[in-house]
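Sequence lines set the chain letters: A, B, ... in the order given, protein chains first and strands last, and positions in each chain run from 1. Treat the numbers as computed from the prediction; the structure is a model and nothing was measured. Every heavy atom of this structure was used, including side-chain atoms; hydrogens, water molecules and symmetry mates were not.
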There are 2 protein chains.
Amino acid sequence: MSSASASEPETGEILPDWVRPIVKESLSERAYRELRVALMRGQLRPDTRLRLRPMSARFGISATPMREALLRLVSEKALALDARGSVVVPRLALDQLLEIRAIRTDLEGRAAAAAIASTAAEIDALEAIHAQISQCHASRDFARAVNLNTEFHLSLCRLGGMPILYEIVKLLWVRCGPILSHLYDDGVPDWEPHPHRRIIDALRHGDSDAARDAVREDIERGGSGLFAHVRASPAG
Amino acid sequence: MSSASASEPETGEILPDWVRPIVKESLSERAYRELRVALMRGQLRPDTRLRLRPMSARFGISATPMREALLRLVSEKALALDARGSVVVPRLALDQLLEIRAIRTDLEGRAAAAAIASTAAEIDALEAIHAQISQCHASRDFARAVNLNTEFHLSLCRLGGMPILYEIVKLLWVRCGPILSHLYDDGVPDWEPHPHRRIIDALRHGDSDAARDAVREDIERGGSGLFAHVRASPAG
DNA sequence: GCCCGATGTTTGTTATAACAAATTACATAC
DNA sequence: GTATGTAATTTGTTATAACAAACATCGGGC
């Protein structure tokens, strides 16, 4: 999704190009989206301070839209405010990671169960993502595997056809973004069959219970590499 | 409302109470909170336009913090942007209401199951809220009953001890705020025993399954009065 | 009556400046 | 060396202004 909307109109569309939806993206929204993908890709380390004016200078915009973008991510808990009011990349606590996993168990499980209504083509696309993941595992390209794993889960979630649930789950993934690059620090799990495969098979057979259970197992048993990068539960 | 800020631990605080943290609330945060309680109380009707400058004049602040407050609520989907970019109170679609109920079933159910760890005093407080609700039903004070019902669900949710889940559920309730005043349009359900009572009893007996089931039934069977105030599903 | 165009107003967006509080730098005293 | 006090800078916050686009108002013409 890099450079999703170019400013210059492109040529060679089938539809008459004058009916193309006009995307009038504000500066604050563009900064928001760029920061969010940076977070999701693990390009922002925990405890990094995002100071307002240096940031707006880097983005080439003024302080007002920059502040809007930062505060929006703060409101989504993808970023946080320290005691001074500065925006920082938050460091996840153990409690929070466990809670996020529990919530994902419920929501992604429900989405997977609802996703049995997907078309064969949609399930094929999901399988294609998993095939790429397997390739990355084989070639030890873990950085790409992490992003593909995220894409797999979010794609599955979207197949559930529940937009509100999907947005919630996406927020949870963004919150985990800064530590997500350590997903495979424990090595590649060698479960057989891989939970992703069980999910895909369950979808193909229209077995909603199996799909839900497979997702839950994937969430509960996976991600052990993350625990080394969370704070101990904050006092209390 | 008594549930405004995150309640400090009432008991067992070591520091003297005069060292309580100084809350330095910014103008935008104050406006945000006031707008949110207005939404949750149903004081803002769907399709109401919240224009920037008139709003900031009403709040006695400038456009910048007012815009931050409005955009924050937009980011939470408690408000929306129309085609012009104006902030409006969104009108819930049937799909969305059903989806929110499904998500609440999962999350509030999990919170209720976790809430069996609550103290007797906490459960007493929950029961006190339900007693007030019963009183309001008897005296036909539906406006207050609606707010108390919200407070019951959110209090139960908070007892689950899962802050992230609690925040998500609260967002879902805020999104329903504008139509929540019609909760009893169908009349007062006369289930016996009331699901709230089954929840309380289950918590007292430490029966997490029963607590979860009771909450789910409360969500699934209740709120029928809301359906008359949602849009038909948008094209699809 | 309706339609159409000019024109003021209001809208959202962005940039900039003013302000206080916090932080840093640095010189001075011990 | 450490400690301290002061000036300079940077921070977040808020207000205000400039701008274009959308909207509303109010004409005249039919």
Side-chain angles (χ1 to χ4, degrees), chain A residues 4-9 18-36 39 44-90, chain B residues 5 19-36 39 44-90:
Chain A
S5 72
S7 53
E8 283 302 316
W18 43 268
V19 291
R20 176 174 38 217
I22 302 174
V23 280
K24 191 172 55 175
E25 201 176 32
S26 67
L27 297 184
S28 79
E29 209 166 299
R30 183 149 57 183
Y32 160 78
R33 284 208 313 158
E34 288 197 29
L35 271 179
R36 203 184 54 170
L39 273 169
L44 289 171
R45 296 292 143 193
D47 292 334
T48 304
R49 260 181 83 184
L50 306 178
R51 303 196 292 316
L52 180 57
R53 266 168 273 237
M55 272 291 180
S56 58
R58 275 183 60 88
F59 275 88
I61 62 181
S62 86
T64 306
M66 189 76 239
R67 184 161 213 257
E68 277 169 16
L70 290 171
L71 287 183
R72 179 169 172 185
L73 287 162
V74 167
S75 130
E76 294 176 355
K77 307 280 198 349
L79 295 175
L81 296 177
D82 64 6
R84 301 184 284 254
S86 281
V87 176
V88 295
V89 180
Chain B
S5 66
V19 287
R20 63 171 149 265
I22 300 174
V23 284
K24 189 175 56 178
E25 202 176 31
S26 67
L27 296 184
S28 77
E29 210 166 298
R30 183 149 56 183
Y32 160 76
R33 284 208 310 155
E34 288 198 28
L35 272 178
R36 202 184 55 172
L39 274 169
L44 290 171
R45 297 291 142 192
D47 291 334
T48 303
R49 262 181 80 182
L50 305 177
R51 304 200 280 323
L52 180 57
R53 268 169 271 240
M55 272 291 177
S56 58
R58 275 184 60 87
F59 275 87
I61 62 181
S62 88
T64 307
M66 180 51 88
R67 183 160 213 258
E68 279 170 15
L70 290 171
L71 287 183
R72 178 168 172 188
L73 287 162
V74 168
S75 129
E76 294 175 355
K77 307 278 197 355
L79 295 175
L81 295 177
D82 64 8
R84 301 182 283 252
S86 280
V87 175
V88 294
V89 180

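Qualifying salt bridge (Lys or Arg N to Asp or Glu O under 4.0 Å) partners for B:Arg84, counting only residues two or more places apart in sequence or in other chains: B:Asp82. By the side-chain hydrogen bond (donor to acceptor under 3.5 Å, both in side chains) test, A:Glu76 is found to be paired with A:Tyr32, residues two or more places apart in sequence or in another chain being considered.
The CG atom of B:Leu50 sits 16 Å away from the C1' atom of C:dT10 (whole-angstrom rounding). Counting to the nearest Å, the P atom of C:dA15 and the CG atom of A:Leu27 are 5 Å from each other. If you measure from atom CG of A:Leu81 to atom P of D:dT11, you get 16 Å, rounded to the nearest angstrom. Taking atom CG on A:Asp82 and atom P on C:dA22, their separation rounds to 12 Å, with Å as the unit. Across the protein-nucleic acid pair, A:Leu71 atom CG and D:dT14 atom C1' stand 13 Å apart, rounded to whole Å. Nucleotide D:dT14 holds its C1' atom 14 Å from the CD atom of A:Glu68, rounded to whole Å.
Comparing B:Arg49 and B:Ser62 against DNA chain D, the residue whose closest nucleotide sits nearer the 5' end is B:Ser62.
For the contact set between residues 51-61 of chain B and DNA chain C, defined by any heavy atom under 4.0 Å, the members are B:Arg51, B:Leu52, B:Arg53, B:Pro54.
With a 6.0 Å radius and a threshold of 12 heavy atoms from other residues, nucleotides or ligands, A:Arg49 has its CZ atom above the threshold. In B:Arg45, the CZ atom is crowded: over 12 heavy atoms of neighbouring residues, nucleotides or ligands sit closer than 6.0 Å. Other residues, nucleotides and ligands contribute only 12 or fewer heavy atoms inside 6.0 Å of the CZ atom of B:Arg30.
Nearest to the side chain of B:Ser86, among C:dT14, C:dT11, C:dA22, sits C:dT11.
Residues B:Pro90 and B:Pro46 come closest through the heavy atom pair O-CB, 3.9 Å.
A:Thr64 has no side-chain polar atom (N or O) that falls below the 4.0 Å cut-off from OP1 or OP2 of C:dA15. Residue B:Arg84 places at least one side-chain N or O under 4.0 Å from the OP1 or OP2 atom of D:dC23.
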